[in-house]
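To keep things clear, I will list the structure first and then write my remarks on it.
This is a predicted model, so every value here is computed, not measured. The basis for the numbers below is simple: all heavy atoms, side chains too, and nothing from hydrogens, waters or symmetry mates. Below, chains carry the letters A, B, ... as their sequence lines are ordered, and counting in each starts from 1.
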Number of protein chains: 2
Amino acid sequence: MATIKDIAKLAGVSVTTVSRALNGYSDVNAKTRQKIEQIAKEIEYSPNALARSLVMKQTRTIGLLVSGLSREGAKDNIVFDVLTGINEYCGAQDYDLVLFNTTSSKQKEKTYAQLCRERRVEGVIVQGIKKDDPYLIEIFESNIPCVLIDVPVENETTGYITTDNVDGSMKAVRYLAELGHTNIAMINGHDQAFVSKERRKGFELGMLEQGLPIRNDWIVNGEYAELKAEQVGQELLSEYPEISAVFCASDLMALGVMRAAKQMGKKVPEELSIIGYDDITLASYVTPALTTIAQDTFRMGYAAAELLIGILKQTEESRVRLIENELKIRETTKEKT
Amino acid sequence: MATIKDIAKLAGVSVTTVSRALNGYSDVNAKTRQKIEQIAKEIEYSPNALARSLVMKQTRTIGLLVSGLSREGAKDNIVFDVLTGINEYCGAQDYDLVLFNTTSSKQKEKTYAQLCRERRVEGVIVQGIKKDDPYLIEIFESNIPCVLIDVPVENETTGYITTDNVDGSMKAVRYLAELGHTNIAMINGHDQAFVSKERRKGFELGMLEQGLPIRNDWIVNGEYAELKAEQVGQELLSEYPEISAVFCASDLMALGVMRAAKQMGKKVPEELSIIGYDDITLASYVTPALTTIAQDTFRMGYAAAELLIGILKQTEESRVRLIENELKIRETTKEKT
DNA sequence: TTGAAAGCGCTAACAC
DNA sequence: GTGTTAGCGCTTTCAA
């Protein structure tokens, strides 16, 4: 593979000159430059980013730590959307992305900092990390610039992207209350997710605001899984037939509840209103189409990359970006009769 | 950031010894090794993969060239699934993945080989590339090991993964014929995709096999897009109301046709049978659930990584991997009445 | 069992 | 404008 040395030899100049010419420095004779560029093209030279990074101490590379990069992740397209957003902005800024293997057994032995430092990534975007993940503390303690998706951690080098989950959930409750529902249950995710807490809080605040009673036995965990939500939903709905509306902390769980209702012969939305959270692709395609609190996951990814690169360039003061969410009314909600 | 030099100094040995100790060579005194490992831990040393790669001339990195990493790609989860499969195998083999930016305007100026050589990736997996993409020729001509998804190109360093699209399409036709359908139309993708040709061929072969007439005006392009398929589907179905079954080259297009049918008041499957291709997540969630030719996209990704790494290690003779497909009978197909 | 020295391909002072 | 030189952090002969 051709190097600048080869070019230097062919052009009869020093490697320094070649380096300068190829990097567009001004202090190079126009003729020399032309000759060098000509030769570079001829021998199909491509700069060795490794060598350059080694001496420049920057790689223009961002690491990606994604937990949901698994088969199940395909159902909700969240991980994918975020990734797409990240890719979009990083591409525009000429940063490359490296996907870290957290799946690998070998890799799991490495600490977070090791993972990052080895590859000399300039920053990291972390997605789908849980509260109890040991990496989380490391992320906070290390001084590697990092942006987390939906995990509120903040310091000099760490920031995060999220939506207002409290407000989002309140919107859902408010809408259900507007429709005349008073017996509202909630299927929440699991305790290892930060957003769960928030969504629950929003649910409770919303109920309070609407003067509705909060019943702890009407708030159950669905583990963010469709099947689990179907099970607990069925239990809940058969034990308390008076429940007329369910707010779910994810669309996938809402789909589970829809299935539960169907099996029990409970008509949605006539006998049961359901609101989900996320607005995944499936939400608008199922029948009846799911009313949900929509998050713009693409923008979350885009903003994450924006924030991270802002931190890297030190042009960014803030460490938090809040993305809007929005109630999308579709067909699973209806006035209480 | 700590280097082996630092360790050497602290341990009172040479960098050579440190390097050997840390890389598990046998010719190092047990005590020396222990001391070195101890110090390495203390000063939080992580090896600089850049420096190592520079001298070792291998990066344990695989490049990913993905065209469908865009917002629309989220609807069919194909790109994501393939990515997941790739990630799985590469993780197990301790390879890292770098996502190339083909989106960026800057990057588009670079040739394929430049992109790869700059980062010194050992191989590349290419997904979603079209026939008319200038990169394609480069891929073939360059000697960088490469595996393509669904693009039949083969030489010493290039291989591909695909499913038997001809056979898959024949299965679809055969099933429709079994159900008594004779007036079968096809919505195909666009001409820039290799699979389109194959699926069309399979369709025609299937029709021939079943002794059914192939009508060219009953084969139309839906550009692999839901909306486009809805439009052309509507035109087709209203012009030829005798069509009782439609085979679509993708699930997304099948959804479009379902919508078209709905708008025209044509009942699916009673008045119109529809078969899709891919088995995306949506397929099993829509109502009625879509009958389709299922491809295991996760396995395609996994196999692609497997093949590529096989080529890299020179343990692989073949350059092609064929993944099974399967007819999944659901609710959009029914006997012709 | 260990070390000195060379070199991977590149950039960047500092001369000239 | 251009070249000399040193050095980024690591591995690897070759000698000792």
Side-chain angles (χ1 to χ4, degrees), chain A residues 1-40 43-61 96 113-122, chain B residues 1-40 43-61 96 113-122:
Chain A
M1 217 168 286
T3 71
I4 50 168
K5 227 177 186 168
D6 302 327
I7 301 180
K9 220 171 279 173
L10 287 167
V13 296
S14 74
V15 289
T16 316
T17 307
V18 177
S19 172
R20 276 196 286 244
L22 258 25
N23 288 305
Y25 281 60
S26 56
D27 58 349
V28 175
N29 185 301
K31 259 195 176 153
T32 321
R33 151 167 295 129
Q34 224 171 4
K35 191 171 182 185
I36 288 171
E37 282 171 347
Q38 166 69 14
I39 294 173
I43 64 173
E44 290 191 316
Y45 167 77
S46 3
N48 186 332
L50 293 156
R52 174 184 277 155
S53 296
L54 185 60
V55 42
M56 305 248 282
K57 286 168 177 325
Q58 50 152 316
T59 56
R60 284 203 92 76
T61 299
D96 274 330
Q114 271 173 327
L115 217 57
C116 300
R117 281 206 297 249
E118 255 179 39
R119 287 278 176 184
R120 293 296 190 271
V121 296
E122 299 184 14
Chain B
M1 219 167 286
T3 70
I4 49 169
K5 227 178 187 168
D6 301 325
I7 301 180
K9 222 172 276 173
L10 287 167
V13 296
S14 74
V15 289
T16 314
T17 308
V18 177
S19 172
R20 277 196 286 243
L22 260 24
N23 288 307
Y25 281 60
S26 56
D27 58 349
V28 175
N29 185 303
K31 261 196 176 154
T32 321
R33 151 168 294 130
Q34 227 174 1
K35 191 170 180 184
I36 288 172
E37 280 171 348
Q38 167 69 14
I39 293 174
I43 64 173
E44 291 191 311
Y45 168 77
S46 0
N48 186 332
L50 263 49
R52 175 182 277 157
S53 296
L54 185 59
V55 42
M56 304 247 285
K57 287 170 177 325
Q58 51 152 314
T59 54
R60 283 203 92 75
T61 300
D96 275 329
Q114 272 174 328
L115 217 56
C116 301
R117 282 205 297 249
E118 256 178 38
R119 288 277 175 185
R120 292 300 190 267
V121 296
E122 299 184 13

Most 5' of B:T32 and A:L54 on DNA chain C, judged by nearest nucleotide: B:T32
When rounded to the nearest 0.5 Å, the distance separating CD1 of A:I7 from NZ of A:K35 is 12.5 Å
D:dG3 phosphate, OP1 or OP2, under 4.0 Å from A:T17 side-chain N/O: yes
For B:I4 and C:dG3, what is the distance between atoms CD1 and C1' respectively, to the nearest whole Å? 13 Å
Note: for A:M56 and A:D27 on DNA chain D, the residue whose nearest nucleotide lies more 5' is A:D27
Write down the distance between CZ (B:R60) and P (D:dC10), rounded to a whole number of angstrom. 18 Å
Taken to the nearest whole Å, NZ/B:K5 to C1'/C:dG3 is 15 Å
Would you say the base of C:dG3 and the side-chain of B:R20 have a donor-acceptor pair closer than 3.5 Å? yes
Return the value, rounded to whole Å, for the distance between atom NZ of A:K9 and atom P of D:dG3. 15 Å
How would you label the contact of A:S53 with the nucleic acid (heavy atoms, under 4.0 Å): base, sugar-phosphate, or nothing? nothing
How many whole angstroms separate atom CG of A:D6 from atom C1' of C:dG9? 10 Å
Between C:dC10 atom C1' and A:K57 atom NZ, what is the distance in whole Å? 13 Å
Check every strand shown and say whether A:T3 touches a base, only sugar-phosphate, or nothing at a heavy-atom separation below 4.0 Å. sugar-phosphate
Do any N or O atoms from the side chain of A:E122 and from the backbone of A:R60 form a donor-acceptor pair under 3.5 angstrom? yes
Looking at B:N48 and B:L50, would you say the former's side chain and the latter's main chain have a donor-acceptor pair under 3.5 Å? yes
Side chain of A:S19, base of C:dA12: donor and acceptor closer than 3.5 Å? no
5' precedence on DNA chain D between A:S26 and B:T16 (nearest-nucleotide basis): A:S26
Could you state the atom-to-atom distance from CG of A:N48 to P of D:dG9 in whole Å? 16 Å
Which residue lies toward the 5' end of DNA chain C, B:N29 or A:V18, if each is placed at its nearest nucleotide? B:N29
Nearest heavy-atom pair of A:E44 and B:R117: which atoms, and what distance? O-NH2, 3.0 Å
Within the distance-only criterion (no hydrogens, no angle test), does the side chain of A:S19 pair as donor or acceptor with the backbone N or O of A:V15 below 3.5 angstrom? no
How long is the line joining OH of A:Y25 and P of C:dT11, in whole Å? 8 Å
